[in-house]
Amino acid sequence: MRKISLLFIFIIFLSSCLPKQGIVRQSIPDRRDSAPQQSSPVSAPKPGSSTNLARSTSAEAYIARFKDIAISEMDEYGIPASIKLAQALLESGNGNSSLARNSNNHFGIKCTSSWQGRTVLQSDDHINDCFRVYNNPEESFRDHSEFLLRARYAALFKLDKDDYKGWARGLKSAGYATNPRYAELLISLIERYDLHQYDKAETRREKVQREEVVLTEIVHDIPQEAKKEQAQPAVAMSIHEVRPGDTLFSISQKYNLTVDELKILNNLNGEGVSVGQLLLVSK
């Protein structure tokens, strides 16, 4: 009996000497196994950058937010809603660019001699390029429509307002953007997100009435158009075509972006890019 008692005391003594960490691990499960998986930490924006990664907008959310405005502008001016949405998606990086967030400028429209509103300086083609500032996104969408009421774009308003391919190619031919694949980019976005569902045809009579109103306004504005404004693109849009050896990191360094900003601007989930892929690289 005494031997049993001594053995029992000896077992208790050994138990008290076992590492407590091992006992805790057995009794308390690792919370990381049961908690929802968190996304990888993101880098803080660079000083002066307003890109809020936690509030980044997806293309789908952007379309849902602005499709009604695009349709309204289409009904008044005849610009296909699909074209306006595609241009806004492309030139604002789904609304995540600093111009869109800070200045409500969703189309990258630069200052001209006729612009009387507020402005902001930001490097683009040159250091401290001047861009327009709007009170709200709706003003930006309206100014984009009025910006197109120029002689150089007049032929586009003769197209059917559901002819998004004609508009895309016409914008490129008229020099709206310098990127040689601008029309292709717009058409790709429209078909990827089914944006042409928001376009609607018009009767012959409706088209004639719309053309008369819009083209009359364009003719009226011709004397006020400065020749230098007609001769150069007035919108900002920087596109990088991926080349062999490019990585997201090397591209981000070239354009003074973080990798996370580059991914947000292009709605990328992974790290991989492919040769020939077009990436928006302006904020």
* Asked: Quick check: does any side chain N or O of E212 sit under 3.5 Å from a backbone N or O of V208, one acting as donor and the other as acceptor?
  -> no
* Asked: About how many Å separate CZ of R210 and CG of L215, when rounded to the nearest 0.5 Å?
  -> 8.0 Å
* To do: Could you tell me which residues satisfy side chain to side chain donor-acceptor pair (under 3.5 Å) with Y77, sequence neighbours excluded, listed by chain and number?
  => none
* How would you list, by chain and number, every residue that makes a side chain to side chain donor-acceptor pair (under 3.5 Å) with S173, sequence neighbours excluded? -> none
* Can you name the nearest heavy-atom pair linking A70 to L85, along with the distance? -> CB-CG, 3.7 Å
* Asked: Considering all heavy atoms of both residues, which atom of A168 and which atom of I83 are nearest to each other, and what is their separation?
  -> N-CD1, 3.7 Å
* Just do the side chain to side chain contact (heavy atoms under 4.5 Å, CB included) check on L195 and L89 with the steps written out, would you? => CA-CA 11 Å; L195 299 180; L89 283 168; 4.1 Å; yes
* To do: If a pair satisfies side-chain hydrogen bond (donor to acceptor under 3.5 Å, both in side chains) and one of its residues is in residues 161-172, list it, with sequence neighbours excluded.
  => Y164-E191
* Asked: Are E138 and R65 close enough for a salt bridge, meaning some N to O gap below 4.0 Å?
  -> yes
* **G175 backbone acceptor or donor facing R152 side chain under 3.5 Å** => yes
* Would you please name every residue forming a side chain to side chain contact (heavy atoms under 4.5 Å, CB included) with E271, sequence neighbours left out? => L248, V259, K263
* Decide side chain to side chain contact (heavy atoms under 4.5 Å, CB included) for F147 and W115; before the verdict, give the C-alpha distance in whole Å, the side-chain angles of both, and the deciding distance to 0.1 Å. => CA-CA 10 Å; F147 178 82; W115 176 248; over 6 Å; no
* Calculate, to the nearest 0.5 Å, the distance between atoms CG and CD1 belonging to N94 and I63 respectively. => 8.0 Å
* Counting N and O atoms only, with roles assigned by atom type, does the side chain of E206 sit under 3.5 Å from a partner on the main chain of T203, one being a donor and the other an acceptor? -> yes
* To do: Work out which heavy atom in L156 is nearest to a heavy atom in G170; give both atom names and the distance.
  => CD2-CA, 3.3 Å
* Are the aromatic ring centres of F66 and Y62 under 6.0 angstrom apart? -> yes
* To do: Please check if any side-chain donor atom of N105 sits under 3.5 Å from a side-chain acceptor atom of Y134, or the reverse.
  => no
* Looking only at heavy atoms, which two atoms of F141 and K84 are closest? And how far apart? -> O-NZ, 3.2 Å
* What are the two closest heavy atoms between Y198 and M74, and how far apart are they? -> O-CE, 3.3 Å
* Asked: Side chain of N102, backbone of L99: donor and acceptor closer than 3.5 Å?
  -> no
* Is there a path of hydrophobic side-chain contacts, each under 4.5 Å between heavy atoms of I, L, V, M, F, W or Y residues, that connects L149 with V213? -> no
* Asked: Between F157 and E211, is a side chain to side chain contact (heavy atoms under 4.5 Å, CB included) present by the stated rule, with each step listed?
  -> CA-CA 7 Å; F157 291 93; E211 286 179 356; 5.7 Å; no
* Electrostatic pair R142:E73 at N-O distance under 4.0 angstrom -> yes
* H144 and F107 aromatic ring geometry - parallel, tilted or perpendicular at 30°/60° bounds -> parallel
* To do: Could you list the residues that satisfy side chain to side chain donor-acceptor pair (under 3.5 Å) with K200, not counting sequence neighbours?
  => D75
* Measuring from S103:OG to N135:CG, what's the distance to the nearest 0.5 Å? -> 11.0 Å
* Please walk me through it: do D129 and L121 pass side chain to side chain contact (heavy atoms under 4.5 Å, CB included)? -> CA-CA 5 Å; D129 275 337; L121 299 180; over 6 Å; no
* Asked: Got a sec, which residues hit side chain to side chain donor-acceptor pair (under 3.5 Å) with N104, two or more places apart in sequence or on another chain?
  -> none
* To do: Would you confirm whether S252, through its side chain, and F249, through its main-chain N or O, come within 3.5 Å as a donor-acceptor pair?
  => yes
* Asked: Any idea which heavy atoms bring S92 and A100 closest together, and the distance?
  -> CB-CB, 4.0 Å
* Asked: Is there a donor-acceptor contact under 3.5 Å from the side chain of S250 to the main chain of D246?
  -> no
* Asked: Are the side chain of D199 and the backbone of P80 linked by a donor-acceptor contact shorter than 3.5 Å?
  -> no
* Asked: Do the side-chain N and O atoms of S140 and R132 include a donor-acceptor pair separated by under 3.5 angstrom?
  -> no
* Less than 4.5 Å apart, any side-chain heavy atom of L186 and any of L171? -> yes
* Structure fact -> Rounding to 0.5 Å, atoms OG (S72) and NZ (K67) come to a distance of 12.5 Å
